[in-house]
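Let me begin by presenting the structure, written as C-alpha cells, before commenting on it.
Every number for a ligand or one of its atoms is a count from 1 in the order of the listing. Model, not experiment: these values are computed from the prediction.
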Amino acid sequence: MPGKNATETVLADAAGIARAAAILAQGGLVAVPTETVYGLAARADSADAVAKIYAAKGRPDFNPLIVHVRDLAQASKHVAIDEAAAALAQRYWPGPLTLVLPRRDDAGLAPAVSAGLPTLAVRAPAHPVMQALLAAVDFPLAAPSANRSGFISPTTPEHVLASLDGRIDLVLDGGPCSAGVESTIAAVRADGSVDVLRPG
Ligand code: AMP
Ligand code: MG
C-alpha cells in the first residue's frame, strides 16, 4: 500500500523472481529491470492492480500503459496482429519495440491499461529478468517506467527507490539497465503503414 510500508528490494535470482510473481498474482506492484529502463509492473488483467500503477506514479488516467508479454503468441490474445505487425514482431522481438495495435474485444485486460482507447501498446522485452518474470506468471504485465509521473525514467534500483520508495511493494534488483532509453513506439495502421510515435 503506497505510503504505508517501506519498499522491499530483492536480488533478481530464482527466489526473487518467485517472490515478485507471488506479489503480482495478489495484485501488487513490482519494479522490474528491462533492457530499456526499470518498469513498474502490475497484472494487466486486474483493474485494481492497474489502478495502483496510476496512483503510485501520479500518472494522469488518460496516459495509457505498455503491456509486456512473453512473445507474439501471447500478444495475439490481446491485440489483432496483421501481416505488417507480425513481420515487425518477428524481426524486433524480443526487444525494445512497442507496437500499438487494435485491442481485441476479448482482450481480457483492464480497460484502464490503455486508458479506454481501442488500441493497445504491447511489447515482448528481451531482458532475462523480465522474461523470467513473464514466464513465472500466467497474465501479461502492464509496465510503464518506474518513476513518479513527470520525472526521468530510472535505470537502477536506487533511481526507482528515490522516486517510489513506500509507494510500491518490491524492487527486483537486476543491476543497471543496458539501454537507458525507452522503447521505440510504432503504430501499425490497417493499411500496413507504420507511424513511429516515439523514437527509442
Ligand atoms: P512509459 O511506459 O511511461 O514510457 O509510457 C508509455 C508510452 O506509451 C506513453 O507515451 C503512452 O502515451 C504510449 N502509449 C501507450 N499505449 C498507447 C496507445 N494505445 N496509443 C498510443 N500511445 C500509447
Ligand atoms: Mg515514462
Side-chain angles (χ1 to χ4, degrees), residues 24 29-45 47 49-69 75-82 84-85 88-89 92-105 107-127 130 133-134 140-157 159-164 167-168 171-172 177-190 193-200:
L24 290 166
L29 297 183
V30 178
V32 192
T34 76
E35 67 273 31
T36 56
V37 301
Y38 271 73
L40 180 59
R43 59 185 303 165
D45 60 350
V50 168
K52 286 185 196 170
I53 291 182
Y54 285 92
K57 284 181 61 88
R59 185 178 178 104
D61 62 8
F62 53 79
N63 192 0
L65 310 176
I66 296 172
V67 172
H68 291 68
V69 293
S76 69
K77 296 181 183 170
H78 308 294
V79 286
I81 312 263
D82 63 10
L88 283 170
Y92 292 106
W93 285 1
L97 175 69
T98 295
L99 294 175
V100 172
L101 296 168
R103 184 184 167 118
R104 283 176 57 149
D105 293 338
L109 304 180
V113 94
S114 54
L117 292 173
T119 53
L120 183 74
V122 287
R123 156 160 119 89
H127 196 288
M130 185 52 135
L133 190 58
L134 286 165
L141 294 173
S145 53
N147 52 276
R148 295 293 292 266
S149 189
F151 290 80
I152 194 163
S153 296
T155 55
T156 66
H159 290 168
V160 174
L161 289 172
S163 198
L164 294 174
R167 304 180 68 84
I168 65 176
V171 179
L172 258 184
C177 302
S178 55
V181 176
E182 281 101 340
S183 61
T184 298
I185 301 180
V188 184
R189 308 293 177 202
S193 64
V194 177
D195 286 342
V196 174
L197 305 180
R198 176 178 79 182

Is the shortest distance from a heavy atom of [X] to ligand 1 less than 4.0 Å?
X	result
Leu65	yes
Ser145	yes
Arg103	no

- prompt: Can you tell me if Arg123 and Thr184 form a side-chain donor-acceptor pair at under 3.5 Å?
  reply: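 Note: Arg123 and Thr184 side chains miss the donor-acceptor criterion.
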message: Is it true that Arg198 and Thr98 share a donor-acceptor pair across their side chains at a distance under 3.5 Å?
response: no
query: Protein N, O or S atoms less than 2.8 Å from the Mg ion (ligand 2), ignoring waters?
result: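 Near the Mg ion (ligand 2), the protein supplies Ser145 OG.
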Quick one: look up the protein heavy atom nearest [atom] and list residue, atom name and how far away it is.
atom	result
atom 14 (N) of ligand 1	Pro64 CG, 3.7 Å
atom 7 (C) of ligand 1	Ile185 CD1, 3.6 Å
atom 2 (O) of ligand 1	Pro144 CA, 3.2 Å
atom 19 (N) of ligand 1	Thr119 OG1, 3.0 Å
atom 21 (C) of ligand 1	Leu197 CD1, 3.7 Å
atom 20 (N) of ligand 1	Val100 CG1, 3.6 Å

- prompt: What's the spacing between Arg167 CZ and Leu29 CG if we round to 0.5 Å?
  reply: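 Separation between the atoms: 10.0 Å.
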- prompt: How long is the gap from CD1 on Ile152 to CG on Asn147, to the nearest 0.5 Å?
  reply: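 If I round to the nearest 0.5 Å, the distance is 9.0 Å.
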query: Can you check whether Asn63 has an N/O within less than 3.5 Å of an N/O in ligand 1?
result: yes
- prompt: Polar-atom distance check: Arg198 versus ligand 1, any N or O pair below 3.5 Å?
  reply: yes
statement: Result for side chain to side chain contact (heavy atoms under 4.5 Å, CB included) between Val37 and one of Pro144, Ser145, Pro96 points to Ser145
- request: Would you mind telling me if ligand 1 is within reach of the side chain of Ile66, the backbone, both or neither, using heavy atoms under 4.0 Å?
  value: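 Ile66 to ligand 1: side-chain contact only, backbone stays beyond 4.0 Å.
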task: With heavy atoms only and a cut-off of under 4.0 Å, state how Arg59 meets ligand 1: side chain, backbone, both or neither.
output: side chain
